[in-house]
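Structure, as structure tokens:
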Amino acid sequence: MLDISSLNDAQREAVTAPEGPMLVIAGAGSGKTRTIVYRLAWLAEHGLDPHSMLLLTFTRKASQEMLQRAAQLLGSQLLGVQGGTFHSFAFSVLRRWTPEWTQGSLSVMDTADSTAAIQACKENLKIGKGDRSFPRTQAVIGLLSKARNKEMDLDQILQREAQHLLPHAADLMRLGDAYRDYKREHSLLDYDDLLFELEQLFLTRQDILETMRMRFGQIMVDEYQDTNKVQARLVRLLAGERGNVMAVGDDAQSIYAFRGATVHNILEFPHQFRDTRIIRLEENYRSVQPVLDIANCLLANTTEGYRKTLYSRRPLPDSPAVTLYRPMSDLSQAQLAARRIEELLDTVRPHEIAVLFRSGYQ
């Protein structure tokens with residue numbers, strides 16, 4: 001019998017929720033992974049076939065850890081759950097139902113393959129030869145990937161994020177078109193193609209989509225605030241009308257917009273899935289209340305998002321938990337940090353001290 005007595009009320013509500021769409025707003029340090037792990041174990045214990053569970057996470061390591069922990073709770077292997085990233089899931093489906101244009105052979109390019117393809121296209125088009133201002137191959141790949149994931153034209157990306165490359169806009173767009181044609185000609189997919197090809201497969205082959213919907217009766221998506229547009233569309237396609245999807249995330253922790261992720265996916269989730277149950281995990285197990293008070297104060301000033309009040313039961317420290325300094329320059333800021341570390345070393349071991357900074361150059 002699965003023991004859920006150690007869960008707090010909000011975690012228990014999420015773990016034992018009935019069928020239907022559910023959005024779990026998990027504040028930092030609120031036991032998000034623990035909640036997903038117990039949800040997996042709860043569903044299995046209550047008769048749901050593990051083969052009908054789909055767990056989509058940000059990294060493969062995260063899904064493996066969750067499945068292992070769920071198995072430990074059950075005291076037996078949780079065999080059959082399909083867990084991994086959106087890209088690995090897409091590859092597994094496309095490997096079974098290969099797109100017609102690939103002529104039955106699914107080959108996914110790695111970074112070296114993409115680099116070689118771009119270089120071949122540059123040589124064929126005679127672009128950038130001898131021009132030191134033309135972006136390097138890796139930069140070109142990054143721009144093409146960003147345009148694909150943000151679903152924007154390349155010239156829009158340049159206008160917004162790389163205006164110094166606008167003089168090369170026409171050549172870069174030609175190069176992007178040639179790269180796309182190269183992949184088609186050689187029956188190749190790159191990493192970014194996987195999600196869009198899967199979406200196209202579902203849209204053009206209703207029989208395959210229905211097969212996937214029948215198999216996966218419960219879908220769980222971690223870090224939903226960091227999904228991009230096509231990932232959100234894939235979740236909606238897979239969930240279908242039943243909408244048995246549990247999305248876990250926190251709009252206040254969305255940090256991957258530069259890679260195409262959009263916080264609007266989590267903000268619009270209740271509108272995309274009718275009768276969504278919204279559960280807020282607000283108890284924090286990592287910080288003390290003075291730290292959370294500052295976080296709550298900052299969050300209160302946001303113009304959109306899910307309101308939540310983080311709290312902690314952890315004992316308060318003897319010294320102030322947070323101290324605000326207002327240095328006059330980068331140098332004085334560095335000196336303040338160094339001086340404070342020097343003071344701490346009298347009572348704190350070096351490996352227990354962390355310095356957080358915004359950019360590497362600092």
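What's counted below: heavy atoms across the whole structure, side chains too, no hydrogens, waters or symmetry copies.
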Parallel, tilted or perpendicular: which describes the rings of Tyr224 and Phe269, with under 30° parallel and over 60° perpendicular?
-> perpendicular
With no hydrogens and no angle check, do the side chains of [X] and [Y] hold a donor and an acceptor under 3.5 Å apart?
X: Tyr179; Y: Ser114; result: yes
X: Asp293; Y: Gln289; result: yes
X: Thr227; Y: Asn265; result: yes
X: Glu13; Y: Gln11; result: no
X: Thr323; Y: Arg340; result: no
X: Tyr182; Y: Asn124; result: no

Ion pair Arg12/Asp9, N-O distance below 4.0 Å = yes
Could you tell me whether Lys61 and Glu65 make a salt bridge, using a distance below 4.0 angstrom between a side-chain N and a carboxylate O?
-> no
Counting only N and O atoms by type, is there a donor-acceptor contact under 3.5 Å from the side chain of [X] to the main-chain atoms of [Y]?
X: Asn284; Y: Ala28; result: yes
X: Gln333; Y: Ser329; result: no
X: Arg215; Y: His51; result: yes
X: Asp49; Y: Ser52; result: no
X: Arg213; Y: Leu237; result: yes
X: Thr302; Y: Leu299; result: yes
X: Gln218; Y: Met53; result: no
X: Asn244; Y: Gly20; result: yes

Under a 4.5 Å side-chain heavy-atom rule over Ile, Leu, Val, Met, Phe, Trp and Tyr, are Tyr256 and Phe86 clustered together?
-> no
Do we get Arg280 above Tyr306's six-membered ring, with its NZ or CZ under 6.0 Å from the centre and within 45° of the axis?
-> no
Taken to the nearest 0.5 Å, the spacing of Arg174 CZ from Cys121 SG works out to 11.0 Å
Nearest-0.5 Å distance that lies between atom CD in Glu161 and atom CE in Met152 = 7.0 Å
Residue set satisfying side chain to side chain donor-acceptor pair (under 3.5 Å) with Asp207, at least two apart, ordered chain then number -> Arg205
